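As structure tokens, the structure follows; a few thoughts come after it.
Note that ligands are numbered from 1 as they come in the structure, with each ligand's atoms numbered from 1 the same way. If you're wondering where the values come from, they're calculated on a predicted model, not measured in any experiment.
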Amino acid sequence: MRILVTGGAGFIGSHYVRTMLAGGYPGYEQARVTVLDKLTYAGNRDNVPLGHPLLELVEGDVCDRDLLRELLPGHDAVVHFAAESHVDRSLASADAFIRTNVQGTQVLLDACVAAGVARVVHVSTDEVYGSIPEGSWTEEWPLLPNSPYAASKAASDLIARAYWRTHGLDLSITRCSNNFGPHQHPEKLIPLFITNLLEGEQVPLYGDGLNVREWLHVDDHSRAIQLVLTRGRAGEIYNVGGGNEQTNLAVTERLLELCGADHARIRRVADRKGHDLRYSLDETKIREELGYTPRIEFGQGLADTVAWYRDNVHWWKASKEQARG
Ligand code: NAD
């Protein structure tokens, strides 16, 4: 078994790769893993176990057609994580989002068809649905993305489905909620707030802090992806939620507590343009069809995540300095 993981040096992709190489997915203990990653500001080669005999790290771009045509033959499966992933960056400039997320997905899937890859999972997001004031999205819900990031993910999600329908590629799509856990770049809400608090700084909370997100531990998400890879049906979409809705203010208060800080450390900032109010996934399908349930309780997962950032200052310091310019 040879599996190619795009974006495998990023947050979620590297967790998936480390778990697989550590023997965490039954039947895949001997799988050879190729990570294809451009190593943008969000990718970090130290996120993967570089000396592992079953791992090959290829530094390259999912938009590089020649590279993909050369690399893909011989791989049995592809899990496609690579993307520009930060909403705020897509508000400043959407170019890289359209290029990597839309064109990159098309170029990758063309190469999968050409190489006869037997199985593909495309990792999408709940943000493709837009914002929902009450209730939860099923997989049949229309796509109404609001940010350039979400729109680029919706486009790639539809391209992925089209490659199943048109070319018969054995492909499934996952749409997950907000992930958290170790190795997440410190530009994202939870690691940004943890690292700011650890550095004695304030945390910038958007608007009234009442936007609701559904939090999913990266380990639960990775397990869901593996379930979809091995047992998901071709052409199907699977929502993956954490079942844990929290306002940004509630998450901030928990982080303050875990870091021993008080409310004075919250700095209110102008709301994000077009900020989605609430995300909520109905995950009945993946539960009933694949037996998936999230295992990591939010409070414990958050405490462990804070502990990881506390113990791995070297990992995030350089990225933060770079982001500050
Ligand atoms: P991330 O930003 O941490 O990692 C993305 C990785 O892709 C990085 O290693 C980066 O170097 C690589 N990459 C970027 N452009 C590339 C290119 N052109 N070619 C090859 N590699 C490239 O992102 P993440 O949080 O790990 O997200 C992974 C996937 O999950 C993305 O598709 C994202 O849209 C999706 N997702 C993430 C979340 C979340 O909460 N983090 C939620 C829903 C969906």
Side-chain angles (χ1 to χ4, degrees), residues 4-18 34-48 57-65 67-68 71 78-90 95-108 111 121-129 145 147-157 159-160 173-192 213-222 224-225 238-242 244 251 276 279 281 305 315-316 319 323:
L4 184 130
V5 180
T6 73
F11 166 45
I12 307 171
S14 73
H15 190 91
Y16 177 76
V17 166
R18 288 193 307 276
T34 307
V35 167
L36 172 65
D37 200 296
K38 192 178 174 184
L39 297 175
T40 67
Y41 77 93
N44 184 340
R45 61 173 68 243
D46 294 333
N47 282 348
V48 290
L57 172 62
V58 177
E59 184 173 346
D61 191 332
V62 284
C63 300
D64 185 340
R65 188 175 293 275
L67 170 67
L68 290 169
L71 192 60
V78 170
V79 182
H80 180 35
F81 292 96
E84 287 291 335
S85 69
H86 190 38
V87 175
D88 287 346
R89 286 179 185 255
S90 81
D95 292 359
F97 289 76
I98 305 305
R99 184 180 175 279
T100 289
N101 302 2
V102 185
Q103 192 191 349
T105 298
Q106 175 245 320
V107 169
L108 173 71
V121 173
H122 173 74
V123 180
S124 186
T125 168
D126 59 359
E127 298 193 33
V128 298
Y129 296 117
S147 70
Y149 161 70
S152 70
K153 291 297 292 186
S156 61
D157 187 313
I159 287 168
I173 295 167
T174 58
R175 293 182 184 150
C176 66
S177 59
N178 279 44
N179 282 223
F180 72 104
H183 291 94
Q184 187 171 27
H185 192 281
E187 68 184 355
K188 302 280 170 59
L189 187 141
I190 286 181
L192 174 68
R213 298 293 180 263
E214 185 179 351
W215 291 99
L216 170 68
H217 194 276
V218 65
D219 195 54
D220 283 326
H221 181 206
S222 296
I225 286 172
Y238 296 90
N239 286 343
V240 188
N244 196 312
V251 172
D276 288 333
Y279 301 145
L281 290 170
T305 302
W315 185 89
W316 52 265
S319 304

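- Not a single heavy atom of Cys63 sits less than 4.0 Å from an atom of ligand 1.
- Here's the thing with Thr125: none of its N/O atoms is less than 3.5 angstrom from an N/O atom of ligand 1.
- Here the options are Thr174, Ile173, Val240, the test is side-chain contact (heavy atoms from CB on, under 4.5 Å), and the partner is Val123; only Thr174 passes.
- Nearest to atom 25 (O) of ligand 1 among the protein's heavy atoms is Phe11 CD2, 3.6 Å.
- At a 4.0 Å cut-off, not a single heavy atom of Ala96 sits close enough to ligand 1 to count as contact.
- Taking the side chain as every heavy atom from C-beta outward, Val58 and Leu4 never approach each other to under 4.5 Å.
- For atom 11 (O) of ligand 1, the nearest non-hydrogen atom from the set Asn44, Thr174, Asp37, Asp64 comes from Asp37.
- For ligand 1, the atoms sitting less than 4.0 Å from at least one non-hydrogen atom of Phe81 are 28 (C), 29 (C), 31 (C), 32 (O), numbered in the order shown with element in parentheses.
- Counting only heavy atoms of the protein, atom 38 (C) of ligand 1 lies nearest to Ile12 CD1, 3.8 Å.
- In terms of protein heavy atoms, atom 34 (O) of ligand 1 is closest to Tyr149 OH, 2.7 Å.
- Side-chain contact between Tyr279 and Glu127: present, with at least one pair of heavy atoms (C-beta onward) separated by less than 4.5 Å.
- Between Asp126 and ligand 1, a contact under 3.5 Å exists for no N or O pair.
- Among all non-hydrogen protein atoms, the one lying nearest atom 19 (N) of ligand 1 is Val62 N, 3.0 Å.
- Taking a cut-off of under 4.0 Å to the non-hydrogen atoms of Asp61, the atoms of ligand 1 that pass are 17 (C), 18 (N), 19 (N).
- Residue contacts with ligand 1: Thr6 is excluded, as none of its non-hydrogen atoms falls under 4.0 Å.
- Distance from atom 2 (O) of ligand 1 to its nearest protein heavy atom, with residue and atom name: Ser85 OG, 2.6 Å.
- Taking a 4.0 Å cut-off on heavy atoms, Gly104 fails to register as neighbouring ligand 1.
- Counting heavy atoms from C-beta on, the side chains of Asp61 and Leu67 never come closer than 4.5 Å.
- Close contacts of ligand 1 with Thr40, meaning ligand atoms under 4.0 Å from a residue heavy atom, involve 10 (C), 11 (O), 14 (C), 15 (N).
- At least one heavy atom of Ser124 sits less than 4.0 Å from an atom of ligand 1.
- With Gly181, Ala83, Ala42 as candidates, the residue nearest to atom 14 (C) of ligand 1 on a non-hydrogen basis is Ala83.
- Below 4.0 Å from some heavy atom of Cys176 lie the following atoms of ligand 1, by number and element: 42 (C), 43 (C), 44 (C).
- Looking at Asn244, its side chain never comes within 3.5 Å of a backbone N or O of Trp215 through a donor-acceptor pair.
- Side-chain contact check for His122 and Asp157: no donor-acceptor pair (N or O, by modelled atom type) lies under 3.5 Å.
- The residues Glu59 and Arg45 are annotated as salt-bridged, a charged nitrogen and a carboxylate oxygen being separated by less than 4.0 angstrom.
- Within the listing of ligand 1, atoms 40 (O) sit less than 4.0 angstrom from a heavy atom of Asn178.
- With values rounded to the nearest 0.5 angstrom, Asn44 atom CG is found 8.0 Å from Ser14 atom OG.
- For atom 32 (O) of ligand 1, the nearest non-hydrogen atom of the protein is Lys153 NZ, 2.7 Å.
- At least one side-chain heavy atom of Val62 sits less than 4.5 Å from a side-chain heavy atom of Leu36.
- At least one heavy atom of Ser177 sits closer than 4.0 Å to an atom of ligand 1.
- Close approach to Gly60 involves these atoms of ligand 1, each under 4.0 Å from a residue heavy atom: 19 (N), 20 (C).
- Contact annotation: the side chain of Trp315 approaches that of His183 to within less than 4.5 Å [non-hydrogen atoms, C-beta and beyond].
- Side-chain contact between Arg99 and Cys63: present, with at least one pair of heavy atoms (C-beta onward) separated by less than 4.5 Å.
- No donor-acceptor pair closer than 3.5 Å links the side chain of Ser222 to the backbone N or O of Asp219.
- Classified by interplanar angle (parallel below 30°, tilted 30° to 60°, perpendicular above 60°), the ring pair Tyr41/His185 is perpendicular.
- Checking only distances, Glu84 never comes within under 3.5 Å of ligand 1, N or O to N or O.
- Residues Ser90 and Phe97 meet the side-chain proximity criterion, which asks for heavy atoms closer than 4.5 Å.
- At the top of the distance list for atom 20 (C) of ligand 1, counting protein heavy atoms only, stands Lys38 N, 3.3 Å.
- Ranking the protein heavy atoms by distance from atom 30 (O) of ligand 1 puts Val123 CG1, 3.5 Å first.
- Near Ala9, meaning under 4.0 Å from any of its heavy atoms, are these atoms of ligand 1: 9 (O).
- A cation-pi contact, defined as under 6.0 Å to the ring centre and within 45° of the axis, is absent between Arg213 and Phe180.
- Counting the atoms of ligand 1 from 1 in the order shown, those under 4.0 Å from a heavy atom of Leu39 are 11 (O).
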